[in-house]
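Read through the structure below, which is laid out as structure tokens, and then see the notes.
Atom set for the values below is all heavy atoms of this structure, side chains included, hydrogens, waters and symmetry mates excluded.
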Amino acid sequence: MLRLTWVQPEDLLGHELRQAAQDGRCPATVAAVAARWRAAGGPEAPDRAGASATPVSRYLRTLAEDLLDELAELPSPMAEAEPTDLGRIKGLCPDWPAAPAAGPQPSAARLEAAWLGRAAGCLLGKPVEKLPLEGIRALARATGDWPLTTFFTARGLPAELAAAHPWNRRSAATSLAENIDGMPEDDDLNFPLLGLLLLRRHRRSFTTEDVARLWLDELPAGRLFTAERVACRNLLSGVEPPHTARHRNPFREWIGALIRADVHGWTNPGDPGAAAEQAHRDAVLSHTGGGVHAAMFAAAVIAAAAGGGVDVHGCLRAGLAVVPPGSRLARAVRHAVRLAREHAGGAAEFEPVVDALHTEHARYHWVHAVPNTALIAAALTHADGDFTGSVCRAVSGGWDTDSNGATAGSVAALLAGSPAALPKRWTAPLKNRLATSVAGFDGVGFDTLGRTTAHLCAPDPRPERALPARPVLEAATS
């Protein structure tokens, strides 16, 4: 039986009930909707999986769809402090970054490092994605690598611990230290590749509709998850952007838009405001509110890092400058940075920071943008931008481990400045090879990606069609 994840109405409802409660939407009505669902025999949303194992009756599915629409009509009291509209966001940001005078563009080597850092951080987090925090700590301790310093391994792991905290089923075969042979496919790398295609075809003037067409043209639906999969389903049902982000989409404030932000930061070096605006046009296809703010924050942080001359703390300040200061995301990031400073020290001192973040954000789903963005900010702050420290702290903090490691790795690698500045234990296993289902890029080298991205940093890049698969492979090995 095929139970497609992230689209079953009976599973979406539980997530929407949680989102409605977090939004503060009419608590009495939300409670009444929840009571009607439970009284009818409706299941809770799966905690870790994308779909429940057993389909429900036609009656329950129809009821779930009706209740999703009823919840969507409830106004949120947080809408004023957490707008999605770009003009309203900028109106709430008194320190919105001004466009800088034209400066030097980042080198291809610096951008190659960013790609490598994103890949290595993602790869570190892949085998423990979906595991609870205590499982991650137990596995690392049992194999003698706590605090984390390198990729996870199953070597020496007691059988009972492996059974209690099984590695991510899809990733273990390609992302444990003993199995790594190049960078395996992951949505955290697919989306930056799509970002390159987007900018090649449409330059910086792309629209949200251009993003939608690109997804439909270039990415199999099975490679989309959570909010992106719902948005794609909505497109195929005739829903137009930006309504694709709202219609029966309880994942609209999760982390998906953040993981699409890197290219917007890389290609606007030293211009966090422009990067945030670019990320906004991408994000609103599938996200609203905090989900959009997280993408803008990440793009601005990365743009500041790509421009050079700013330390990690300045980069994080640039990220906060494009987020409404009264929003949950801004408050969470400020709190995370403060915690990291209060517990400054070696990697072991990061544990109480993580524990405090998990207590503070226990009400959120593990893929929600608010806790994950806060963890990324805490990891970068506590490690002072050091590459190994940043990716290891981000992954050791749990939640969406591969995405957090990827974003922290991108920022820290930009600050490092070149592939040679990254420890070989992180880059050598990647073998300058990236697997992907994005057409024209399977097997591409990170050196090629660095050169391609550098070309797109130019103020007026030449429009190019997507390269066919063979020339990309040849360029990667030349």
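- Residue pairs meeting the side-chain hydrogen bond (donor to acceptor under 3.5 Å, both in side chains) criterion with at least one partner in residues 311-320, sequence neighbours excluded, are H313-D384.
- Scanning both residues, G326 and A81, for their nearest heavy atoms gives O-CB, 4.1 Å.
- Applying the side-chain contact (heavy atoms from CB on, under 4.5 Å) criterion to A394, with sequence neighbours excluded, gives A379, N404, A408.
- Under a cut-off of 6.0 angstrom, the local environment of CZ in R170 is sparse, with at most 12 non-hydrogen atoms contributed by other residues, nucleotides or ligands.
- Using a 4.5 Å heavy-atom threshold, the side chains of E253 and H287 count as separate.
- Scored by the side-chain contact (heavy atoms from CB on, under 4.5 Å) test, V310 finds C315 as partners (sequence neighbours excluded).
- For the pair L193/L449, a side-chain contact is recorded, criterion being any heavy-atom separation below 4.5 Å from C-beta on.
- A 4.5 Å side-chain heavy-atom check between T5 and R229 finds at least one atom pair inside the cut-off.
- In this structure, H280 has no ring pair (Phe, Tyr, Trp, His ring centres under 6.0 Å) partners at least two apart in sequence or on a different chain.
- Of all non-hydrogen atoms in F387 and A412, the two that sit nearest each other are CA-CB, 3.7 Å.
- For residues 118-137, there are no ring pair (Phe, Tyr, Trp, His ring centres under 6.0 Å) pairs, not counting sequence neighbours.
- No donor-acceptor distance shorter than 3.5 angstrom exists from the side chain of T373 to the backbone of A294, with no hydrogens or angles considered.
- For N249 (side chain) and S286 (main-chain N/O), a donor-acceptor pair under 3.5 Å exists by modelled atom type.
- Smallest separation of non-hydrogen atoms from L13 and L68: CA-CD2, 3.8 Å.
- With sequence neighbours left out, E277 forms a side chain to side chain donor-acceptor pair (under 3.5 Å) with K90.
- For E70, the side chain to side chain donor-acceptor pair (under 3.5 Å) criterion is met by R36, not counting sequence neighbours.
- Not one N or O on the side chain of S171 forms a donor-acceptor pair closer than 3.5 Å with the backbone of P127.
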Stepwise side-chain contact (heavy atoms from CB on, under 4.5 Å) test for L375 and H361: CA-CA 10 Å; L375 176 58; H361 300 299; over 6 Å; no
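- Distance check, rounded to the nearest 0.5 Å: NE2 of H202 to CG of L214 gives 6.5 Å.
- A distance-only check finds no donor-acceptor pair linking the side chain of R260 to the backbone of A279 [under 3.5 Å].
- Under the salt bridge (charged side-chain N to carboxylate O under 4.0 Å, His left out) criterion, R393 pairs with no residue at all, not counting sequence neighbours.
- The closest donor-acceptor contact from the side chain of R328 to the backbone of Q22 lies under 3.5 Å.
- Ring orientation note: the planes of W115 and W266 are tilted relative to one another, at an angle of 30° to 60°.
- Comment: R213 does not engage E218 in a salt bridge, judged by the lack of any side-chain N to carboxylate O separation of less than 4.0 angstrom.
- How far CZ of F297 is from CG of L329: 7.0 Å, rounded to the nearest 0.5 Å.
- Between E351 atom CD and S396 atom OG the span is 8.0 Å, to the nearest 0.5 Å.
- Looking only at side-chain heavy atoms (C-beta outward), L216 and L236 come within less than 4.5 Å of each other.
- With sequence neighbours left out, W215 forms a ring pair (Phe, Tyr, Trp, His ring centres under 6.0 Å) with F191.
- At least one side-chain heavy atom of L414 sits less than 4.5 Å from a side-chain heavy atom of I302.
- A distance-only check finds a donor-acceptor pair linking the side chain of S76 to the backbone of D23 [under 3.5 Å].
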Test side-chain hydrogen bond (donor to acceptor under 3.5 Å, both in side chains) applied to D210 and T207, step by step: CA-CA 5 Å; D210 292 328; T207 65; 3.2 Å; yes
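- Between the side chain of T436 and the backbone N or O of V438 there is at least one donor-acceptor pair closer than 3.5 Å.
- Of the charged side-chain nitrogens involved, at least one lies within less than 4.0 Å of a carboxylate oxygen, so that R118 and D188 count as a salt-bridged pair.
- Distance alone, capped at 3.5 Å, is enough to place a donor-acceptor pair between the R281 side chain and the R204 backbone.
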side-chain contact (heavy atoms from CB on, under 4.5 Å) assessment of H293 paired with T84: CA-CA 8 Å; H293 303 158; T84 299; 5.8 Å; no
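- Taking the side chain as every heavy atom from C-beta outward, V30 and L17 approach each other to under 4.5 Å.
- Looking at every heavy atom in both residues, A369 comes nearest to G290 through CB-O, 4.0 Å.
- A donor-acceptor pair under 3.5 Å links the side-chain atoms of R334 to the main chain of P325, judged by distance alone.
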W37 and L63: CA distance, side-chain angles, deciding distance, side-chain contact (heavy atoms from CB on, under 4.5 Å) verdict: CA-CA 8 Å; W37 177 243; L63 177 62; 4.0 Å; yes
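- At a threshold of 4.5 Å between non-hydrogen side-chain atoms, the residues Q19 and H365 do not count as touching.
- Aromatic rings from H15 and F251 are positioned such that their centres are separated by under 6.0 Å.
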Worked verdict on D282 versus H264 for side-chain hydrogen bond (donor to acceptor under 3.5 Å, both in side chains): CA-CA 9 Å; D282 184 332; H264 306 306; 3.0 Å; yes
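- Between P192 and V263, the shortest heavy-atom contact is O-CG2, 3.2 Å.
- You'll find the ring centres of H368 and W399 outside the 6.0 Å limit.
- Among residues two or more places apart in sequence or in another chain, the side chain to side chain donor-acceptor pair (under 3.5 Å) test is passed with D217 by none.
- Here side-chain hydrogen bond (donor to acceptor under 3.5 Å, both in side chains) pairs that include residues 121-138, with residues two or more places apart or in two chains, are K126-D186, R137-D355.
- Taking CG of L219 as the start and CG of L194 as the end, the distance is 5.0 Å to the nearest 0.5 Å.
- Remark: R252 engages E16 in a side chain to side chain donor-acceptor pair (under 3.5 Å) (not counting sequence neighbours).
- Residues E185 and S437 form a side-chain contact, since some pair of their non-hydrogen atoms from C-beta on lies under 4.5 Å apart.
- Note that the CZ atom of R25 and the CD atom of E73 stand 11.0 Å from one another [nearest 0.5 Å].
- Atom CG in L123 sits 6.5 Å away from atom CG in L430 (nearest 0.5 Å).
- Taking all atoms of both residues into account, the shortest heavy-atom contact from L415 to G385 is CD1-CA, 4.3 Å.
- Distance alone, capped at 3.5 Å, is enough to place a donor-acceptor pair between the N372 side chain and the D400 backbone.
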Candidate pair R341 and V337, rule side-chain contact (heavy atoms from CB on, under 4.5 Å), full reasoning: CA-CA 6 Å; R341 288 174 174 163; V337 168; 3.7 Å; yes
